Amino acid sequence: MHRVLGDRRAIAILLGPALLVYSLIMLVPMVWSLGYSFTKGNSIDGFTGNGFANFSRLLDDPAVRHALWFTLKYAVVVTAGQVVAGYLLALLYVFFLKRASALVRTLVFFPVVLPTVAVGLLFQKFFQVAPQTGPVNSLLNAVGIDSIDFFGSSSSAFWVLIVMDIWRSMGFYAVLLFAGLVDIPEEVLESARLDGATGLRLVRHIVLPLSLPVLMSSLIFSINGTLKAFDSIVALTNGGPGNSTTPLTLYMFQTSFTYGDYGYGSTIAVLLTVVCLLVSLVVFRVSRRDLTEG
């Protein structure tokens, strides 16, 4: 193995195809999009250069500021919900259900494999107020509370979206964190129990520090996914009511393909890329510092 890893030709043969595919699928479109951000027009009318006009427009666009704020708010809340719910489920699997957790893991993971559109339609039916009263409003009516139009206000639509995305993805993070928890040596846990560490003390002082690497990996994976959320939002609210649940991804899509302004849409894409890189860098630096101190 050392001889193979020390051979540059072997490394090029092993990594070359993957790097080529990655470059064609990821890097080339990113560079192409960056070039479009200095133009205006579309594929029908043609493109003309306009320098930094799109970036000046970006700084003065209130819709961009609103979409950026919603994207960050959504990413923080959903990431926290996904990782915390996944970690609690993983603890349940390992320390309570143990070998009997296979069925529960399968059931909780099932929403992950469902099509996003199907999940969106399901939650629309759950929370709808007309033409038929959904199960949630029916339950509210049963306890004497008037029906609520969950998709008629920005705050309620936001929280329905949060609940849907956490429910849809917590099974994935539960399995991911479960794999990290089962790698904790049983001897370490048994020694801690003999020293009197049980329940929350065991989790806080032993399990949590030892599972920090996989926890940080889950955090980075989740924050990157939520910053680029698109399909679930389109399926449930389509950015409404108004543009109150419109993230940068949807605003970029609407600008480029609904209004035909590819140049400004590419500029929004550049902003989203920078945001993802900065957030990932911050989380990565914090995680490295925590792991080093641990």
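Computed from a predicted model, the values in this text were never measured in an experiment. Quick note: numbers below take in every heavy atom, side chains included, and nothing from hydrogens, waters or symmetry partners.
Counting heavy-atom neighbours within 6.0 Å of Lys125 NZ, excluding the residue itself, gives a total of 12 or less. Heavy-atom neighbours of Phe52 CZ from other residues, nucleotides or ligands within 6.0 Å: at or below the threshold of 12. Under a cut-off of 6.0 angstrom, the local environment of CZ in Phe126 is sparse, with at most 12 non-hydrogen atoms contributed by other residues, nucleotides or ligands. Heavy atoms from other residues, nucleotides or ligands lying under 6.0 Å from OH of Tyr259 number 12 at most.
Between the side chain of Ser156 and the backbone N or O of Gly152, no donor-acceptor pair lies under 3.5 Å. Judged by distance alone, the side chain of Ser211 and the main-chain N or O of Leu208 form a donor-acceptor pair under 3.5 Å. Counting only distance, with no hydrogens or angles, the side chain of Asn50 and the backbone of Thr39 share a donor-acceptor pair below 3.5 Å. Judged by distance alone, with hydrogens and angles left aside, the side-chain atoms of Ser222 form no donor-acceptor pair with the main-chain N or O of Leu219 at under 3.5 Å. With hydrogens and angles disregarded, no donor-acceptor distance shorter than 3.5 Å links the side chain of Gln82 to the backbone of Ile223. Judged by distance alone, the side chain of Ser37 and the main-chain N or O of Ser266 form no donor-acceptor pair under 3.5 Å.
Looking at every heavy atom in both residues, Val78 comes nearest to Asp165 through CG1-CB, 4.2 Å. Shown here for Gly265 and Thr255, the closest heavy-atom pair between the two residues is N-CG2, 3.7 Å. Scanning both residues, Pro29 and Ser23, for their nearest heavy atoms gives CD-O, 4.2 Å. Taking both residues in full, the closest heavy atoms of Tyr74 and Phe158 are given as CA-CE1, 4.0 Å, listed atom of the first, atom of the second, then distance. When every heavy atom of Gly81 is checked against every heavy atom of Ile166, the shortest pair comes out as CA-CD1, 3.6 Å. Between Leu177 and Gly86 the shortest heavy-atom distance is CD1-C, 3.7 Å.
For the pair Val275 and Leu72, the minimum side-chain heavy-atom distance is below 4.5 Å. Looking at Trp159 and Val77, their side chains come closer than 4.5 Å, going by heavy atoms from C-beta outward.
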Step-by-step side chain to side chain contact (heavy atoms under 4.5 Å, CB included) determination, Leu189 to Phe95: CA-CA 11 Å; Leu189 298 176; Phe95 295 106; 4.0 Å; yes

Run the numbers on Asn224 and Ile220 for side chain to side chain contact (heavy atoms under 4.5 Å, CB included), then give the verdict. CA-CA 6 Å; Asn224 267 290; Ile220 294 172; 3.8 Å; yes

Working note: Ser218 + Tyr87, criterion side-chain hydrogen bond (donor to acceptor under 3.5 Å, both in side chains); need CA distance, chi angles, decisive distance, verdict. CA-CA 10 Å; Ser218 301; Tyr87 196 71; over 6 Å; no

Going through the checks in order, is the side chain to side chain contact (heavy atoms under 4.5 Å, CB included) test met by Leu34 and Val31? CA-CA 5 Å; Leu34 179 61; Val31 174; 5.5 Å; no

Worked check of side chain to side chain contact (heavy atoms under 4.5 Å, CB included) between Arg57 and Asp261: CA-CA 13 Å; Arg57 177 182 171 188; Asp261 193 348; 2.8 Å; yes

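Not counting sequence neighbours, Arg65 has no partner by the side chain to side chain donor-acceptor pair (under 3.5 Å) test. Tyr264 pairs by the side chain to side chain donor-acceptor pair (under 3.5 Å) definition with Asp61, not counting sequence neighbours. Remark: Arg193 engages Glu186, Glu190 in a salt bridge (charged side-chain N to carboxylate O under 4.0 Å, His left out) (not counting sequence neighbours). A search for side chain to side chain donor-acceptor pair (under 3.5 Å) contacts involving Thr237 returns Thr245, not counting sequence neighbours.
Sequence neighbours left out, the pairs with a member in residues 131-152 that pass side-chain hydrogen bond (donor to acceptor under 3.5 Å, both in side chains) are Asn141-Ser147.
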Could you go through residues 102-122 and list every donor-acceptor pair under 3.5 Å that involves a side-chain atom there, pairing it with any protein atom two or more places apart or in another chain?
{"residue": "Arg105", "atom": "NH1", "partner": "Ser101", "partner atom": "OG", "Å": "2.6"}
{"residue": "Thr106", "atom": "OG1", "partner": "Ala102", "partner atom": "O", "Å": "2.9"}
{"residue": "Thr116", "atom": "OG1", "partner": "Arg168", "partner atom": "NH1", "Å": "3.4"}
{"residue": "Thr116", "atom": "OG1", "partner": "Asp231", "partner atom": "OD2", "Å": "3.1"}

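In the hydrophobic clustering of ILVMFWY residues, with side-chain heavy atoms under 4.5 Å counting as a link, Val182 and Leu212 come out together. Linking Ile, Leu, Val, Met, Phe, Trp and Tyr whenever their side-chain heavy atoms come within less than 4.5 Å puts Phe151 and Ile145 in one cluster. Criterion: ILVMFWY side-chain heavy atoms under 4.5 Å apart, direct or through other members. Under it, Ile44 and Tyr36 are not part of a common hydrophobic cluster. Linking Ile, Leu, Val, Met, Phe, Trp and Tyr whenever their side-chain heavy atoms come within less than 4.5 Å puts Tyr262 and Val28 in one cluster. Each of Leu58 and Phe38 belongs to its own hydrophobic cluster when Ile, Leu, Val, Met, Phe, Trp and Tyr are linked at side-chain heavy-atom distances under 4.5 angstrom.
Here the OG1-CG distance, from Thr267 to Leu272, works out to 12.5 Å after rounding to the nearest 0.5 Å. In this structure, the separation between CG on Leu248 and NZ on Lys228 is 13.0 Å, given to the nearest 0.5 Å. Phe150 contributes atom CZ, which lies 10.5 Å from atom OG of Ser155 (distance to the nearest 0.5 angstrom). In this structure, OG in Ser280 is found 7.0 Å from CG in Leu227, a value given to the nearest 0.5 Å. Annotation: the span from Leu89 atom CG to Phe96 atom CZ amounts to 12.5 Å, rounded to 0.5 Å. Summarising the geometry, atom CZ belonging to Phe230 is positioned 5.0 Å from atom CZ belonging to Phe253; distances are rounded to the nearest 0.5 Å.
Between Tyr251 and Phe70, a ring centre-to-centre spacing not shorter than 6.0 Å is recorded.
In this pair, Phe123 and Phe127 present their aromatic rings parallel. The plane angle is below 30°, not in the 30 to 60° band.
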